[in-house]
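What follows is a single structure, written as structure tokens, with notes after it.
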Amino acid sequence: MKRAIRDKAVPIWSHWVMLIITAVLFVLVAIFVDLKPVVDENFFFSTSDPGIRQTKKIERRFPSQPEVILAVSSRDISSQRYLSRIQKLTQRAHTIDGVNAVKSLTEGPKSFEDALKSPFWSRLLIAPDRKASNVIIFMEGKQTEKPIQRLQQIVHEMDARDFHIHTAGPPYVVEMLRRSLDHDFRYFTLTAIVLFGLTMAALFRSVRLFVGMLCTCTSAVLLTLLVQSLLGHKIGILTVNLGTIVFIVALSHLIYMTFNWQMLANRAHRLGKESPNLAQDAMRMTFPPSFWSMVCASLGFASLLIVQAKPLRELGFGGVLGTVVAFACAYLMYPTFLRWAVPRKSKIVEAEPTHSFWSRRFGLLSLGIILLCAALGLGLVNVNTDPSLMDYFKPHQELRDGLEFVDQTGGSNPLTLVVSASNGSLLNTDAAYEKMWRLHGALEHEKDVGTVISLATLLAEGDRVPFSFLISYEKMMEIMSQPKYARVAKSFVTDDRKEAVFMLRMIEARRTEYRVDVVNHLRAVCRKYGFKADLVGGIYYLQGRLAKLVADSLVTGLFWLNLLFIVIAWVVARSVRQ
């Protein structure tokens with residue numbers, strides 16, 4: 001290809017300005033943008049969601065701390081060797097900064113035999129098959145990164161063949177998710193950038209075009225992250241891949257612009273004419289389809305802004321922002337590199353189509369494809385929008401293995417029920433205690449429910465104290481609300497004695513219904529035994545709400561979005577065939 005068709009009268013430093021801008025953006029992002037993904041126990045929903053409001057209300061009424069569960073399996077959990085190692089594990093867990101309290105067979109019950117007899121400790125600490133016991137570690141504060149790292153170090157040092165430690169609990173799962181997202185953000189994004197960049201370099205065989213594409217797409221990613229941070233948006237569980245998305249969206253504009261630029265160069269070469277404004281002509285040719293592509297992509301992301309799920313809304317906002325930024329960078333930065341580059345002869349773009357698609361009479365085939373897609377769309381109702389908790393993690397990994405073991409030995413997914421008597425009576429009487437025990441037993445017999453801890457088990461533990469029959473349940477609650485007993489009663493009953501909490505660990509492996517349906521069934525069980533569930537909270541309930549919202553958005557959101565795209569296609573093409 002002759003050098004004569006390269007754009008004329010172009011400042012030789014223009015592309016260097018763009019490279020400097022990219023470098024400046026890189027420095028600004030490195031200084032001002034927190035690239036650590038933000039993940040917490042309630043990352044699925046915003047603070048305005050009804051489910052989150054209920055969960056927060058429960059936390060205010062019944063103060064408690066997030067807990068990590070270490071399920072330690074052994075052939076004989078009653079042996080002195082096992083108990084001595086549990087004691088050592090408990091003592092080492094106490095040394096971790098950020099740990100408020102630890103409960104185990106050696107800290108809580110008087111002895112192993114006492115734990116077996118206790119209606120409270122047996123449920124909290126001992127697996128039903130008596131092949132494992134739990135070490136419950138109560139965390140304080142939201143900064144769990146360093147405490148979890150230290151805990152993992154202790155676990156790896158003490159884990160053995162006949163003392164196998166399985167880890168679970170919301171703080172641990174959240175920290176593992178954050179680490180995984182941080183790894184994906186750094187390595188997957190870098191791999192994707194290098195892979196697509198090298199592909200384009202091999203396709204167009206131009207170092208200058210490769211530098212231009214890499215500079216433009218990288219600037220789009222950096223500018224998106226910077227603007228998003230300035231607007232107060234953090235990197236979340238889905239927006240961790242936003243950099244890759246923006247890079248690819250920007251690259252799509254550049255590919256079409258480069259192909260048109262190469263095609264115009266080939267045409268000028270065949271006609272023997274010079275083209276002093278080659279980059280400008282390619283940009284003008286590509287702009288209309290690129291603009292409408294940007295509009296459709298933005299609308300697709302914008303449809304996520306109306307859903308309740310917090311990660312989807314974050315992705316929607318970031319997607320709209322990234323799509324607009326990618327379009328702007330493509331047309332403000334990349335043309336300078338096209339002017340800098342020299343077109344090369346390419347067989348990929350030199351052949352121009354001579355026949356249209358529809359002239360080949362593929363109308364019936366196209367109609368068949370459209371009908372097939374419509375039929376397949378009916379299958380959306382069968383999509384599993386409420387998968388098991390285990391399905392979120394890879395099998396045979398430490399995180400999933402721990403969750404599966406804890407799930408088998410008492411449940412892995414927390415659910416909280418706040419109940420009150422249907423007739424409004426107080427819960428500090430003998431009659432109320434008997435009713436709560438009946439409800440407790442009914443909940444334990446539900447197939448989806450594992451361990452249940454409630455006010456009834458706490459009062460039953462108090463009944464084991466000598467001469468406890470001389471103390472009323474009201475007096476017992478007052479005693480257990482004192483600092484000497486860690487104010488444990490306040491975590492189970494309100495001061496007015498009208499509401500009590502049931503803490504359930506739900507079993508994921510047995511679930512055959514939607515979580516929302518399971519919760520509704522548990523509400524019905526409460527009503528059957530003379531109680532009403534005033535509040536429901538916990539991760540189990542939030543995941544059920546998320547599944548319902550996702551199902552609704554699949555049916556309604558995709559329908560209206562596709563209808564909108566059809567209208568845009570008609571406005572742009574003005575042709576049924578196109």
Would you give the length of the straight line joining atom [atom1] of [X] to atom [atom2] of [Y], rounded to the nearest 0.5 angstrom?
{"X": "I507", "Y": "Y540", "atom1": "CD1", "atom2": "OH", "value": "10.0 Å"}
{"X": "K146", "Y": "D97", "atom1": "NZ", "atom2": "CG", "value": "9.0 Å"}
{"X": "L535", "Y": "I58", "atom1": "CG", "atom2": "CD1", "value": "5.0 Å"}
{"X": "E404", "Y": "H396", "atom1": "CD", "atom2": "NE2", "value": "8.5 Å"}
{"X": "K532", "Y": "N423", "atom1": "NZ", "atom2": "CG", "value": "9.5 Å"}
{"X": "T224", "Y": "L242", "atom1": "OG1", "atom2": "CG", "value": "6.5 Å"}

Item to check | Residue pair L151, V99: steps toward the side-chain contact (heavy atoms from CB on, under 4.5 Å) verdict | outcome: CA-CA 10 Å; L151 179 61; V99 170; over 6 Å; no
Where is the tightest heavy-atom contact between [X] and [Y], given as atom of each residue plus distance?
{"X": "L415", "Y": "G537", "value": "CD1-O, 3.3 Å"}
{"X": "S412", "Y": "M390", "value": "OG-CE, 3.5 Å"}
{"X": "S104", "Y": "V135", "value": "CB-CG2, 4.0 Å"}
{"X": "H440", "Y": "V452", "value": "CE1-O, 3.1 Å"}
{"X": "A489", "Y": "L458", "value": "CA-CD2, 4.0 Å"}
{"X": "V406", "Y": "A168", "value": "CG2-CB, 3.6 Å"}

Can you confirm whether [X] sits close enough to [Y] that some side-chain heavy atom of one is under 4.5 Å from a side-chain heavy atom of the other?
{"X": "V501", "Y": "V493", "answer": "no"}
{"X": "T494", "Y": "F62", "answer": "yes"}
{"X": "I137", "Y": "E67", "answer": "no"}
{"X": "Q65", "Y": "M139", "answer": "no"}
{"X": "M176", "Y": "I148", "answer": "yes"}
{"X": "I96", "Y": "I154", "answer": "yes"}
{"X": "L427", "Y": "F531", "answer": "yes"}
{"X": "W121", "Y": "K103", "answer": "yes"}

Item to check | CA sep, side-chain torsions, deciding dist, call: V419, D534, side-chain contact (heavy atoms from CB on, under 4.5 Å) | outcome: CA-CA 6 Å; V419 303; D534 298 326; over 6 Å; no
Counting N and O atoms only, with roles assigned by atom type, does the side chain of [X] sit under 3.5 Å from a partner on the main chain of [Y], one being a donor and the other an acceptor?
{"X": "N413", "Y": "I539", "answer": "no"}
{"X": "T95", "Y": "R92", "answer": "yes"}
{"X": "S74", "Y": "I77", "answer": "no"}
{"X": "T416", "Y": "M503", "answer": "no"}
{"X": "R85", "Y": "M158", "answer": "yes"}
{"X": "D407", "Y": "A509", "answer": "yes"}
{"X": "N520", "Y": "V516", "answer": "yes"}
{"X": "T409", "Y": "A127", "answer": "no"}
{"X": "S422", "Y": "G530", "answer": "yes"}
{"X": "Q54", "Y": "V536", "answer": "yes"}

Atom [atom1] of [X] with >12 non-hydrogen neighbours under 6.0 angstrom:
{"X": "K447", "atom1": "NZ", "answer": "yes"}
{"X": "D129", "atom1": "CG", "answer": "yes"}
{"X": "R464", "atom1": "CZ", "answer": "yes"}

Next on the checklist: Can a side-chain donor-acceptor contact be found between E513 and H521 if the only test is distance below 3.5 angstrom?
Outcome noted: no
Decide, yes or no, whether a salt bridge links [X] with [Y] under the criterion of side-chain N to carboxylate O below 4.0 Å.
{"X": "K490", "Y": "D495", "value": "yes"}
{"X": "R515", "Y": "E508", "value": "yes"}
{"X": "E444", "Y": "R123", "value": "yes"}

Next on the checklist: What verdict does the side-chain contact (heavy atoms from CB on, under 4.5 Å) test give for L231 and F317, after you've listed the backbone C-alpha separation in whole Å, the side-chain angles of each residue and the deciding distance to 0.1 Å?
Outcome noted: CA-CA 11 Å; L231 295 176; F317 175 84; 3.5 Å; yes
Checklist entry - Using the ring of each side chain (for Trp, its six-membered ring), is H166 parallel, tilted or perpendicular to F405, with breaks at 30° and 60°? => result parallel
Item to check | Stepwise side-chain contact (heavy atoms from CB on, under 4.5 Å) test for L439 and F502 | outcome: CA-CA 10 Å; L439 174 59; F502 282 71; 3.8 Å; yes
